[in-house]
Amino acid sequence: MGRSEGHFALLRRVADAQREPDGWATEGPGLDERTAAPLVGLGLARSASTEERTELSARAGHPVPWAVRLTADGWDVLLYAQVRATPSAVDEPPEPGLQKVALRRSDLDVLKRFVALGERLRDGPAHGLGTAVETARFSAAANRWVVHVTGEQMRSMARAFFLERLGGSAAPANRFARVYGVLYP
């Protein structure tokens with residue numbers, strides 16, 4: 001388990017023990033002052049002050065030597081990590097009329113440059129290609145960026161790789177032609 005996974009698990013543990021955003025998490029299984037110290041050090045959680053521990057002890061009816069709660073950053077990191085971990089729709093089949101295209105990061109960068117030039121090009125990107133590039137999703141299983149595009153957008157992508165071939169590297173155009181059979185001109 002990497003550092004970020006460990007922090008996420010600990011954030012989840014504190015959030016579960018805290019129960020509500022303005023609640024406190026006290027010592028419990030897998031949660032104590034030592035284990036929560038990295039979160040406190042990163043500003044993702046804060047320890048209860050002496051006054052707050054006194055108030056918690058009075059409410060609990062027993063001494064509370066330590067308590068912690070997530071900060072706003074802690075809650076945001078937890079939310080972000082959950083959304084980031086949610087599988088995206090990259091493995092779902094494309095809608096009718098669209099084709100799934102898996103790109104290397106460098107290929108996606110070529111398309112972003114092409115789309116950014118937009119109307120300055122005499123033969124600019126096909127309608128909707130900018131949106132497709134913006135909404136590209138990363139597939140960890142394939143280690144590729146996935147876009148769903150129409151045939152017209154595929155030809156426009158081939159033109160972007162053609163421009164890259166003339167001004168930089170031939171690899172994206174060659175790869176696109178070999179894998180998808182689309183070559184410009």
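Throughout, residue positions are numbered sequentially from 1 according to the sequence presented.
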Testing the basics here: between [X] and [Y], what is the closest heavy-atom pair and its distance to 0.1 Å?
X: A15; Y: L78; value: CB-CD2, 3.7 Å
X: S47; Y: W66; value: OG-NE1, 4.1 Å
X: A102; Y: Y180; value: N-OH, 2.7 Å

*Is E95 salt-bridged to K100, cutoff N-O under 4.0 Å?*
no
_If the threshold is 4.0 Å, N to carboxylate O, is there a salt bridge linking D109 and R105?_
yes
*Which pairs, with at least one residue in residues 18-39 and sequence neighbours excluded, count as a salt bridge (Lys or Arg N to Asp or Glu O under 4.0 Å)?*
none
*Do Q153 and S156 have side-chain atoms, one donor and one acceptor, less than 3.5 Å apart?*
no
_Under 3.5 Å donor-acceptor, S57 side chain and V64 backbone_ = yes
*asked:* How long is the straight-line distance from CZ of F162 back to CZ of F176, given to the nearest 0.5 Å?
replied: 14.5 Å
*asked:* Restricting to side chain to side chain donor-acceptor pair (under 3.5 Å), what partner residues turn up for R122, sequence neighbours left out?
replied: none
*Within a strict 4.5 Å, meaning less than it, do heavy atoms of the P172 and M157 side chains meet?*
no
*Can you check whether N174 reaches F161 side chain to side chain, under 4.5 Å on heavy atoms?*
no
*Please lay out, stage by stage, how E164 and R113 fare under the test salt bridge (Lys or Arg N to Asp or Glu O under 4.0 Å).*
CA-CA 10 Å; E164 178 68 15; R113 280 193 297 275; 3.2 Å; yes
